[in-house]
Amino acid sequence: MNIGVLGAGQLGRMLALAGYPLGNRFTFLDTTGNPSAGVGEVIVDPDNQHLAAFLTKVDVITYEFEHLPVALVQEIEKHKPVYPGSRAIQVCQNRVEEKALFDRLGIPTPAYRVVESADELEAAARDLGCPVVAKSVTEGYDGKGQAVLKAPEEAADAWQSIGHTQLIVEAFVDFVREVSMIAVRGRDGEVVFYPMAENQHVGGILRYSVAPLPDLDAQVQQTADTYIRALLDELDYVGVLALELFQTRDGSLLANEMAPRVHNSGHWTMDGAVTSQFENHLRAVQGLPLGSTQAIAPTCMVNVIGQEGDNAAMLGLAHTHLHRYDKAERPGRKLAHVNVVAATHIELLEKVRACQALLPDAPAVQWSFEPLL
């Protein structure tokens, strides 16, 4: 089957690499003018002049980047099947709509307010109690479009720095760890869930994801499964959906945000699960049976940010797998990731620390369950 992908970055690249063994061919439609997939056929079309040509080449369409014009996706849906559908993009592009969906489905979130001026931002900060985080309603990802207010008096500067006409203001959460759920829904409504991952962010950018979690209560996993299934069913979703959450000290989960695509925190599945998130996404959009999501062994994904490390030395570590994106080095840019697999979580921690030492400016790995090892 010929798969069309809206976007042409590293996620699209990894989708194609997972799809070639299935006999898929890939055509990417890049609307940014800066494609980096490096595989398949890439149509660069920042001015929407080549959509018709793209549509003639593909049987079904998916996307690797949700910040697409909704009108463009809706137009494509008139001609070819698009999975996930445009409604998922519409919700995920707008944090107000996303929070409203969480509320409607009974999925708990941190306390929040919607504000439309610096004065309203200051009032929300006083009401929620500082510190708070202010986020742009649209366009923010990887820590962009955000500001932390440690006092209400910082509202004017925060409003100006974000530069949007509407913001969401969220209360800080006293969480034990940040976690994420990756689930897949097929065309027939079948849903499979990957084990929950623990994520470590620095400066709003994901640095480490580890799964499965040795201290995770089965009830917590089941609660997360229930939340993400509700989202999948409500959106009549097809493909991989990611849901980022905070786990609090009493074990409860609060939803942060969702992403309607394969996700950075699911990269560990490429070497640590029976079926990767990329293969399962392609199975879903083609109407094929979904693969097992069972973890093979404790696995940690290490993001390579800004500058590559000693790749040869990292590959010298047993059961360590390097996935490069063929991108030029640049501060803050995701260049690659390393999947480290081990027989035990203790061994995994030792190997991840060895890997970390080979990467420039890599932060120290910190797992909430480390004291239990």
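Taking all atoms of both residues into account, the shortest heavy-atom contact from Ala158 to Ser161 is O-OG, 2.9 Å. Smallest separation of non-hydrogen atoms from Ser117 and Trp159: N-CH2, 3.2 Å. Annotation for Leu359 and Met314: closest pair CD2-CE, 3.8 Å, computed over non-hydrogen atoms. The nearest pair of heavy atoms linking Val220 to Gly251 is CG2-O, 3.6 Å. In this structure, Val132 and Ala125 approach most closely via the heavy-atom pair CG2-CB, 4.1 Å. Shortest non-hydrogen contact noted between Lys351 and Thr320 is CE-OG1, 4.3 Å.
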- Task: Apply side-chain contact (heavy atoms from CB on, under 4.5 Å) to Asp271 and Val340, showing your working.
- Result: CA-CA 8 Å; Asp271 301 290; Val340 183; over 6 Å; no
- Task: Begin from the C-alpha positions of Gln286 and Asn24 and carry the test side chain to side chain donor-acceptor pair (under 3.5 Å) through to its verdict.
- Result: CA-CA 10 Å; Gln286 294 175 88; Asn24 298 139; 2.7 Å; yes
- Query: Passes ring-ring contact (aromatic ring centres under 6.0 Å, His included), Tyr20 versus Phe26? Steps please.
  - Reply: CA-CA 9 Å; Tyr20 289 141; Phe26 290 83; 5.7 Å; yes
- Please walk me through it: do Val352 and Val302 pass side-chain contact (heavy atoms from CB on, under 4.5 Å)? CA-CA 8 Å; Val352 170; Val302 182; 4.2 Å; yes
- CA sep, side-chain torsions, deciding dist, call: Arg113, Asp127, salt bridge (charged side-chain N to carboxylate O under 4.0 Å, His left out): CA-CA 9 Å; Arg113 303 287 185 273; Asp127 185 27; 2.8 Å; yes
- Message: Under the criterion side-chain contact (heavy atoms from CB on, under 4.5 Å), I'd like the reasoning laid out for Leu72 against Asn48: C-alpha separation, chi angles, the key distance, then a yes or no.
- Response: CA-CA 9 Å; Leu72 171 64; Asn48 294 327; 4.2 Å; yes
- Message: Could you walk me through whether Lys80 and Val60 satisfy the side-chain contact (heavy atoms from CB on, under 4.5 Å) test, starting with their C-alpha distance in whole Å, then the side-chain angles of each, then the deciding distance to 0.1 Å, before giving a yes or no?
- Response: CA-CA 6 Å; Lys80 292 289 173 74; Val60 64; over 6 Å; no
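Two residues are said to be in side-chain contact when any heavy atoms from C-beta on lie closer than 4.5 Å; Phe54 and Leu6 meet this criterion. Proximity of Ile305 to Lys334: side-chain heavy atoms (C-beta onward) are separated by under 4.5 Å at one or more points. Side-chain contact between Met181 and Tyr227 is absent, with no heavy-atom pair separated by less than 4.5 Å. Taking the side chain as every heavy atom from C-beta outward, Ile61 and Leu55 approach each other to under 4.5 Å. Two residues are said to be in side-chain contact when any heavy atoms from C-beta on lie closer than 4.5 Å; Leu121 and Leu149 meet this criterion. Looking at Ser252 and Phe246, their side chains never come closer than 4.5 Å, going by heavy atoms from C-beta outward. Residues Pro46 and Thr31 fail the side-chain proximity criterion, which asks for heavy atoms closer than 4.5 Å. Counting heavy atoms from C-beta outward, Phe172 and Cys130 have side chains that stay 4.5 Å or more apart.
The same ILVMFWY cluster, assembled from side-chain heavy atoms under 4.5 Å apart, contains both Val240 and Leu11. Met14 and Ile182 end up in the same hydrophobic cluster when Ile, Leu, Val, Met, Phe, Trp and Tyr side chains are linked at under 4.5 Å. Leu241 and Ile89 fall into different hydrophobic clusters, where Ile, Leu, Val, Met, Phe, Trp and Tyr are joined by side-chain heavy atoms under 4.5 Å apart, directly or via other members. One hydrophobic cluster, built from ILVMFWY side chains closer than 4.5 Å, holds both Tyr83 and Val192. Using a 4.5 Å cut-off between side-chain heavy atoms of Ile, Leu, Val, Met, Phe, Trp and Tyr, with links allowed through other members, Val82 and Ile43 fall into the same hydrophobic cluster.
One finds the OG atom of Ser36 at 8.5 Å from the CZ atom of Arg13 (value rounded to the nearest 0.5 Å). Residue Glu77 holds its CD atom at 6.5 Å from CD of Gln74, rounded to the nearest 0.5 Å. One finds the NE2 atom of His281 at 14.0 Å from the CZ atom of Arg185 (value rounded to the nearest 0.5 Å). Rounding to the nearest 0.5 angstrom, the gap separating the CG atom in Leu373 from the OG1 atom in Thr344 is 8.0 Å. Residue Leu372 holds its CG atom at 11.5 Å from CG of Leu213, rounded to the nearest 0.5 Å.
Side-chain contact of Thr138 with Gln93: a donor-acceptor pair under 3.5 Å is absent, judged by distance alone. Side-chain contact annotation: Gln10 with Lys327, donor-acceptor N/O pair under 3.5 Å present. With no hydrogens or angles considered, a side-chain donor-acceptor pair links Asp225 and Gln221 at under 3.5 Å. Using a 3.5 Å distance cut-off with no hydrogens or angles, the side chains of Glu116 and Gln166 do pair a donor with an acceptor. For the 3.5 Å distance criterion, the side chains of Thr32 and Asp30 qualify, holding a donor opposite an acceptor. With 3.5 Å as the limit, one finds a donor-acceptor pair spanning the side chains of Asn264 and Asn303.
Residue Asp188 places its CG atom among more than 12 non-hydrogen atoms of other residues, nucleotides or ligands, all under 6.0 Å distant. Around atom CD of Gln294, no more than 12 heavy atoms belonging to other residues, nucleotides or ligands sit under 6.0 Å away.
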Quiz: residues 193-205 side-chain donor-acceptor pairs under 3.5 angstrom, not counting sequence neighbours:
{"from": "Tyr194", "atom 1": "OH", "to": "Thr275", "atom 2": "O", "distance (Å)": "2.7"}
{"from": "Tyr194", "atom 1": "OH", "to": "Ser276", "atom 2": "O", "distance (Å)": "3.0"}
{"from": "Tyr194", "atom 1": "OH", "to": "Gln277", "atom 2": "N", "distance (Å)": "3.3"}
{"from": "Tyr194", "atom 1": "OH", "to": "Asn280", "atom 2": "ND2", "distance (Å)": "3.0"}
{"from": "Glu198", "atom 1": "OE1", "to": "Arg177", "atom 2": "NH1", "distance (Å)": "3.2"}
{"from": "Glu198", "atom 1": "OE1", "to": "Ser368", "atom 2": "OG", "distance (Å)": "2.8"}
{"from": "Glu198", "atom 1": "OE2", "to": "Ser368", "atom 2": "N", "distance (Å)": "2.8"}
{"from": "Glu198", "atom 1": "OE2", "to": "Ser368", "atom 2": "OG", "distance (Å)": "3.4"}
{"from": "Asn199", "atom 1": "OD1", "to": "Ser209", "atom 2": "OG", "distance (Å)": "2.6"}
{"from": "Asn199", "atom 1": "ND2", "to": "Ser180", "atom 2": "OG", "distance (Å)": "3.0"}
{"from": "Gln200", "atom 1": "OE1", "to": "Gln366", "atom 2": "N", "distance (Å)": "2.8"}
{"from": "Gln200", "atom 1": "NE2", "to": "Ala364", "atom 2": "O", "distance (Å)": "2.9"}
{"from": "His201", "atom 1": "ND1", "to": "Glu178", "atom 2": "OE1", "distance (Å)": "3.4"}

Could you pull out all donor-acceptor pairs under 3.5 Å where a side-chain atom in residues 96-108 meets a protein atom, sequence neighbours excluded?
{"from": "Glu98", "atom 1": "OE2", "to": "Met258", "atom 2": "N", "distance (Å)": "3.0"}
{"from": "Lys99", "atom 1": "NZ", "to": "Glu170", "atom 2": "OE2", "distance (Å)": "2.7"}
{"from": "Asp103", "atom 1": "OD2", "to": "Tyr112", "atom 2": "OH", "distance (Å)": "2.6"}

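Between His323 and His321, the two ring planes are tilted [angle within 30° to 60°]. Ring geometry, His337 versus His267: the interplanar angle falls from 30° to 60°, so the pair is classed tilted.
A salt bridge between Lys78 and Glu75 is present, with a side-chain N of the basic residue lying under 4.0 Å from a carboxylate O of the acidic one. In this structure, Arg333 does not pair ionically with Glu308, as no charged nitrogen and carboxylate oxygen lie closer than 4.0 Å. Ionic pairing of Asp236 and Arg87 is not present here: no N-O contact between side-chain nitrogen and carboxylate oxygen is shorter than 4.0 angstrom. Between Glu41 and Lys57 there is a salt bridge, since a side-chain N of the basic residue sits under 4.0 Å from a carboxylate O of the acidic one.
The stretch residues 147-164 participates, sequence neighbours left out, in these salt bridge (Lys or Arg N to Asp or Glu O under 4.0 Å) pairs: Arg126-Glu153.
Checked by atom type and distance alone, the side chain of Tyr325 never pairs as donor or acceptor with a backbone atom of Gly9 at under 3.5 Å.
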